[in-house]
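Below you'll find the structure, written out as structure tokens, and then a few comments.
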There are 2 protein chains.
Amino acid sequence: MSRTDDVVDGIKRMILEGELRPGERLPVEKELAETLGVSRGSLREGVRALSILGVLNTRQGDGTYVTALDVSRLLAPMGFVVDLQDQGQTRHVHAIRRLLECEAARLAATGITDEALDEAEALLDEAGRLLDKAPEEHERVIEIDIAFHRVIAAHTGNPVLIGMIEALAGRTVRERLWRSLREEGVDRRTHQEHIAIWRALRARDPEAARIRMANHLMEVEESLADLPPVRPR
Amino acid sequence: MSRTDDVVDGIKRMILEGELRPGERLPVEKELAETLGVSRGSLREGVRALSILGVLNTRQGDGTYVTALDVSRLLAPMGFVVDLQDQGQTRHVHAIRRLLECEAARLAATGITDEALDEAEALLDEAGRLLDKAPEEHERVIEIDIAFHRVIAAHTGNPVLIGMIEALAGRTVRERLWRSLREEGVDRRTHQEHIAIWRALRARDPEAARIRMANHLMEVEESLADLPPVRPR
DNA sequence: CGCGAACGAAAGATCAGACCAATCTTGCAC
DNA sequence: GTGCAAGATTGGTCTGATCTTTCGTTCGCG
């Protein structure tokens, strides 16, 4: 058990026992180092690790604070995992993503608000216009795609689900995908699938939403399946 | 962008570009620090963070190595997230766990081997004996419970699913649960539910396995629902 | 020749002290 | 009352030293 682990466990314990609450400020480095019985260097290693894990948040000249401990932030490092997986694992990641997003669609069908439906419709309208008039605006199309899925996740009422979907469907996976596919005409098909999902949501039909989402992601996976490996060297 | 972030991104990049392969050893601290243009202290902070994330693995007197980058290891810090969630989020975590474990049961029904079925049967037999003859052996019963679920997850063929279930259904959640429930007679009911799952698996019936697992976890959640909050202070 | 113990090199672990940079607080001038 | 500037506070970084663990080698014994 290294000193740094002492620091991590010590701070974690302080949070779990309510000694430190979300948003609260930690003692200054020198003082906390003495409390935990380590040098400032070791303390900093532990604090840094917790920062990267999304538990702490340091601001030079100000202090170190406990984050809100919201799931999205704490799950963000998971995106890291996805990045590091080799090509062989991609389909497994996508299988989980499909599972989570289908559940999200199902839940959103009953929980989504009229405002959110309007928002999603606006996104799809913009995507439709771009496909017709400015097919080169691929970056924006990708943004819209991500935003559309995010609106759905946001209305599931389950923050853990939101966080996991964000982590799995994050920028990297999507980018890698789209970059490989931009030549194809799949973006138009994707758009149609999105519309089908949206209609199911508007009808407040959970089963339809789930099925449409499942179909959409399965198409995406299929497009991915026969791509050449991208792992360099 | 702090120096430590440079270190994290630098090492991550080296891995992604194949400059560093899983299992490979990193340059010594002094040398790597020079390469990345930071001091040894900053380098160590970054390396430590990546260690805690399961990407690197340091051994005093030997060196620092890239891990196998297996999903289980990389997903382990997610258990940390679960620990830090306040009581209000528990049901959301369990909802996801149910989703994942149901899928695991469904997949395992077609993929499980006869040997694994025997192994699971042995576990359930032992649990049954303990319930009859040594009800005080609660620790062992919990171990068996975890092991049973692990056997199922292990035969889904999806390592990402395995990792996520491990992280979500980890020791802590289960412990908190069982500690609160040991007075009740629920452990016997849980045992019966496990048997029902096992039978569905033996019959290689995916739908039955999924349903039995769903029922099992729903019972668990229900038992949890009306517990008093444990968050101290 | 084979094997085991002791030694030494190498690498990470930890510490202490100094200085830098960003931020916040305080108090003075207008 | 407002605005700005100086000082105090706090995290960020660097340097250099010492400690601990591990691994490889070498030496001596059988």
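Chain letters run A, B, ... following the sequence lines, proteins first, then strands; residues in each count from 1.
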Could you go over nucleotides 8-13 of chain C and give all protein N or O partners under 3.5 Å, atom names and distances?
{"from": "dG12(C)", "atom 1": "OP2", "to": "Glu29(B)", "atom 2": "N", "distance (Å)": "2.9"}
{"from": "dG12(C)", "atom 1": "N2", "to": "Gln60(B)", "atom 2": "OE1", "distance (Å)": "3.0"}
{"from": "dA13(C)", "atom 1": "OP1", "to": "Thr58(B)", "atom 2": "OG1", "distance (Å)": "3.1"}
{"from": "dA13(C)", "atom 1": "OP2", "to": "Arg44(B)", "atom 2": "NH1", "distance (Å)": "2.7"}

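Below 30°, between 30° and 60°, or above 60°: for His194(A) and His216(A) the angle between ring planes is above 60°, a perpendicular geometry.
When the C1' atom of dT10(D) is taken as reference, atom CG of Asn57(A) falls 14 Å away, rounded to whole Å. One interatomic measurement links the two molecules: CG of Leu43(A) to C1' of dG12(D), which rounds to 13 Å at whole-angstrom precision.
Applying the 4.0 Å criterion to OP1 and OP2 of dC15(C), one finds that Ser42(A) has a side-chain N or O inside that range.
More than 12 non-hydrogen atoms from other residues, nucleotides or ligands lie less than 6.0 angstrom from CZ of Arg13(B). More than 12 non-hydrogen atoms from other residues, nucleotides or ligands lie less than 6.0 angstrom from CZ of Arg140(B).
In terms of heavy atoms, Gly46(B) sits closest to Val7(B) at CA-CG1, 3.9 Å.
The closest side-chain donor-acceptor pair between Glu166(A) and Ser72(A), if any, does not fall under 3.5 angstrom.
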